[in-house]
Amino acid sequence: MYITVPCIKYDNGLMVPSSHEVVMELPLAVFVNGRHALTAMVSPTMLEEFIIGFLYTERIIRKLEDIESLHIEKSKEENRDKKEKVDGVSPLSASVLTKDPFSIMLSGKTVLSGCGGDTSYVDADRLPKIQSDLVTDVSTIKSIMKETLVSDLHTRTGGIHIVGLFGPEGKICIIEDIGRHNALDRAIGYGLKHSVDFSRTIVTCSGRLSSEMVRKCLMANIPIIASRGATTTLAISMGKQAGLTIIGFVRSQKMNIYTGAERIRNPE
């Protein structure tokens with residue numbers, strides 16, 4: 001997930017040769033039924049879960065069993081050995097076959113590590129509504145957010161986002177990636193592989209809650225998403241329309257519940 005690189009550290013007027021841990025970033029090209037569906041800049045871990053989650057939130061598949069095969073390998077490009085020496089990791093390529101050979105997006109996407117690039121067009125009227133009777137406590141939101149943010153990798157590098165998926169029994173998984181969208185897809189992919197009932201889950205996040213984060217939760221029927229960071233107006237509008245609970249700025253004894261407050265109890 002990271003490598004140590006040389007740098008010059010400036011501290012209190014002094015410039016000293018040193019080193020620092022830096023998170024890895026590599027391109028992953030995904031082909032579905034022979035057509036390019038996605039190129040994402042990702043952290044080199046849990047790639048199968050990422051691909052499954054992405055295909056699910058893009059509705060290329062409706063369930064895990066829709067995948068006939070999934071293979072990931074190093075890209076066969078020129079000068080790969082030289083690139084490996086520089087980056088420490090090779091570009092990757094994934095090939096997916098689905099049971100429906102015509103299941104594919106209209107055009108390939110590019111998702112950058114900064115969560116920018118091309119993203120799905122958001123038509124709020126066509127998004128699914130949340131179907132869940134899940135209710136939780138303020139104390140639970142505070143507790144799982146605190147658990148999510150404990151990260152040795154973030155302490156070392158300061159360069160990753162964190163997404164947690166929690167159920168009635170507690171933590172299902174906590175995912176780290178250079179992009180929060182990637183991390184959420186990984187968490188959803190992990191849930192699909194482990195037959196998780198998403199209607200009974202809560203997502204936590206270290207970064208901003210954008211419309212794309214909300215859209216992915218709606219596609220998976222995840223009823224609550226909470227973050228240490230801010231949210232956006234479009235995310236709030238989509239959440240309100242679809243019945244998603246959105247919580248921002250979960251810090252210490254504070255949080256902002258923007259939508260779906262009926263799911264959050266305050267027993268104090």
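In this structure, a donor-acceptor pair under 3.5 Å is present between the side chains of Ser210 and His181. Judged purely by distance below 3.5 Å, without hydrogens or angles, the side chains of Thr204 and Thr148 pair a donor atom with an acceptor atom. Using modelled atom types, one finds a donor on one side chain and an acceptor on the other under 3.5 Å when comparing Glu176 with Ser151. With hydrogens and angles left out, the side-chain atoms of Thr98 and Asp100 include no donor and acceptor closer than 3.5 Å. There is a side-chain donor-acceptor pair under 3.5 Å between Arg263 and Thr245. For Asp185 and Thr57, the side-chain atoms include at least one donor-acceptor pair closer than 3.5 Å.
Atom OH of Tyr258 and atom CD1 of Ile246 lie 9.5 Å apart (nearest 0.5 Å).
Pairs of residues two or more places apart, or lying in two chains, that qualify as ring-ring contact (aromatic ring centres under 6.0 Å, His included) and include a residue from residues 10-34 are Phe31-His36.
By the side-chain hydrogen bond (donor to acceptor under 3.5 Å, both in side chains) test, Thr201 pairs with no residue at all, sequence neighbours left out. Scanning for side-chain contact (heavy atoms from CB on, under 4.5 Å) contacts around Glu262 gives an empty result, with sequence neighbours left out.
Here the side chains of Ile61 and Ile67 are in contact, with some heavy-atom distance below 4.5 Å. With a 4.5 Å cut-off on side-chain heavy atoms, Arg200 and Asp133 count as touching. At least one side-chain heavy atom of Arg265 sits less than 4.5 Å from a side-chain heavy atom of Val135.
Asp177 places a side-chain N or O within donor-acceptor distance of the main-chain N or O of Gly179, the cut-off being under 3.5 Å.
By the rule that hydrophobic residues join a cluster once side-chain heavy atoms approach within less than 4.5 Å of another member, Phe249 and Met213 end up as members of one cluster.
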